[in-house]
Amino acid sequence: MAENNKHTEEMNENAEAVEEIFDETGAVESTEETISEDVSVEGASELEELQQKLEESENRYVRLRADFENFRRRVNLDKEASEKYRAQSLVSDLLPAIDNFERALQMAPEDEKSKSLLQGMEMVYRSLLDALKKEGVEVIESVGNEFDPHLHQAVMQVEDSEAGSNVVVEEFQKGYKLKDRVIRPSMVKVSQ
């Protein structure tokens, strides 16, 4: 019996030791669960922060890319426009000289010398017009056409029963276009 008591005591001691280990293990496990919950809550908030930063960065990237594409498109359009209208300042500077040639050519020659001079001036005038035409310069046709404020500058109005209302009756100064851009509008007289 003494041996049984001894054996029972050993079993009780072993049971107590197992219970202590179990309690310690349970405490460790519950501590681990608490720590993992804290870590998972902190990790989740950090993860959300990182996802927000990633979204913001992606949005910023998309906006910057769109801005860059718009910038590139504007630069290309500006480049095309500058190439298309590169002769505009030269044409604007030449128009008064062409007007003077036209006035001079309207003079009636009095003798042979003035006739040959007039012919030479006409040749130079034609050469200038041909060079301007090669660059895309066109004369704006006015007389007989309906008045267009984009193409014509009305300096006078007259009552003309033969011409319709708002029709150009007379042109005082020729207008010119470079491709599709008006360089100088025609100065005209318009019927009411």
Side-chain angles (χ1 to χ4, degrees), residues 53-192:
K53 286 181 181 179
L54 178 64
E55 269 185 47
E56 289 172 5
S57 295
E58 286 175 347
N59 288 339
R60 193 175 321 127
Y61 170 74
V62 168
R63 284 193 303 268
L64 284 173
R65 185 174 175 107
D67 287 345
F68 181 71
E69 289 299 321
N70 290 338
F71 172 74
R72 186 185 310 170
R73 194 173 306 119
R74 277 193 307 268
V75 166
N76 285 339
L77 289 174
D78 290 346
K79 185 178 176 183
E80 288 173 8
S82 67
E83 287 177 16
K84 185 175 182 180
Y85 302 113
R86 72 182 185 281
Q88 182 173 348
S89 63
L90 178 64
V91 170
S92 296
D93 292 342
L94 286 177
L95 290 182
I98 290 174
D99 292 339
N100 290 335
F101 268 111
E102 288 173 352
R103 283 187 212 103
L105 292 173
Q106 290 175 355
M107 301 293 247
E110 296 174 3
D111 58 3
E112 284 300 313
K113 276 188 172 181
S114 43
K115 260 188 183 179
S116 64
L117 180 65
L118 203 57
Q119 284 177 342
M121 285 180 61
E122 189 172 340
M123 288 171 52
V124 172
Y125 173 71
R126 295 275 173 232
S127 296
L128 275 173
L129 289 181
D130 289 343
L132 290 176
K133 194 172 190 175
K134 285 180 186 175
E135 284 297 319
V137 176
E138 301 172 14
V139 175
I140 297 173
E141 298 297 326
S142 300
V143 178
N145 294 333
E146 188 172 331
F147 176 76
D148 182 353
H150 300 291
L151 302 175
H152 307 115
Q153 179 183 357
V155 292
M156 290 180 69
Q157 279 190 327
V158 294
E159 289 188 29
D160 191 348
S161 58
E162 293 177 14
S165 177
N166 207 25
V167 172
V168 175
V169 178
E170 186 178 345
E171 181 178 62
F172 296 115
Q173 186 180 42
K174 285 185 180 179
Y176 293 90
K177 289 187 334 183
L178 176 61
K179 300 190 170 125
D180 58 352
R181 184 182 286 179
V182 175
I183 300 295
R184 182 176 77 185
S186 299
M187 202 175 295
V188 297
K189 183 192 295 186
V190 181
S191 66
Q192 290 182 333

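Along the sequence shown, residues are numbered consecutively beginning with 1.
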**Q.** Minimum-distance pair of heavy atoms, taken over all atoms of Leu118 and Met107
**A.** CD2-O, 3.6 Å
Q) What's the spacing between Phe147 CZ and Gln153 CD if we round to 0.5 Å? A) 8.5 Å
Q | Shortest non-hydrogen separation from Lys84 to Lys179 and the atoms involved | A | O-NZ, 3.3 Å
Q.
Is any side-chain heavy atom of Gln173 closer than 4.5 Å to one of Asp99?
A. yes
(Q) Contact between Leu129 and Lys133 at the side-chain level, heavy atoms closer than 4.5 Å - yes or no? (A) no
Q | Atom of Ser142, atom of Val168 and distance for their closest heavy-atom approach | A | O-CB, 3.3 Å
Pairs under 3.5 angstrom only: tabulate donor-acceptor contacts from the side chains of residues 87-97 to other protein residues two or more places apart or in another chain.
| unit_1 | atom_1 | unit_2 | atom_2 | d |
| --- | --- | --- | --- | --- |
| Gln88 | OE1 | Arg181 | NH1 | 2.7 |
| Ser92 | OG | Gln88 | O | 3.0 |

Q. How many angstroms lie between CD in Glu146 and OG in Ser191, if you round to the nearest 0.5 Å?
A. 9.5 Å
Q.
To the closest 0.5 Å, what do you measure between NZ (Lys177) and CD (Glu138)?
A. 5.5 Å
**Q.** Audit row: Asn76, Arg73, side-chain hydrogen bond (donor to acceptor under 3.5 Å, both in side chains) steps and yes/no
**A.** CA-CA 5 Å; Asn76 285 339; Arg73 194 173 306 119; over 6 Å; no
**Q.** For the student: nearest non-hydrogen atoms of Lys79 and Ser82, plus distance
**A.** O-OG, 2.8 Å
Q. Do Met156 and Val169 have side chains that get closer than 4.5 Å, going by heavy atoms?
A. no
(Q) Please tell me whether Asn100 and Arg103 have a donor and an acceptor in their side chains that are separated by less than 3.5 angstrom. (A) yes
Q: Measure the spacing between CE of Met187 and NE2 of His152 and express it to the nearest 0.5 Å.
A: 12.5 Å
Q.
Is it the case that atom CD in Glu69 sees more than 12 heavy atoms from other parts of the structure closer than 6.0 Å?
A. yes
Q: Using a 4.5 Å cut-off on heavy atoms from C-beta on, say whether the side chain of Ile98 contacts that of Leu132.
A: yes
Q. So do the side chains of Phe172 and Val188 get within less than 4.5 Å of each other, counting heavy atoms only?
A. no
Q: Please round to the nearest 0.5 Å and tell me the distance separating atom CG of Leu64 and atom CZ of Phe71.
A: 13.5 Å
Q: Let me see the working for Val139 and Tyr176 under side chain to side chain contact (heavy atoms under 4.5 Å, CB included), right down to the final yes or no.
A: CA-CA 5 Å; Val139 175; Tyr176 293 90; 3.5 Å; yes
(Q) According to side-chain hydrogen bond (donor to acceptor under 3.5 Å, both in side chains), does anything in residues 108-126 pair up with another residue at least two apart or in another chain? List the pairs. (A) Glu102-Tyr125, Asp111-Ser114
Q. How long is the gap from CD on Glu141 to NZ on Lys174, to the nearest 0.5 Å?
A. 8.0 Å
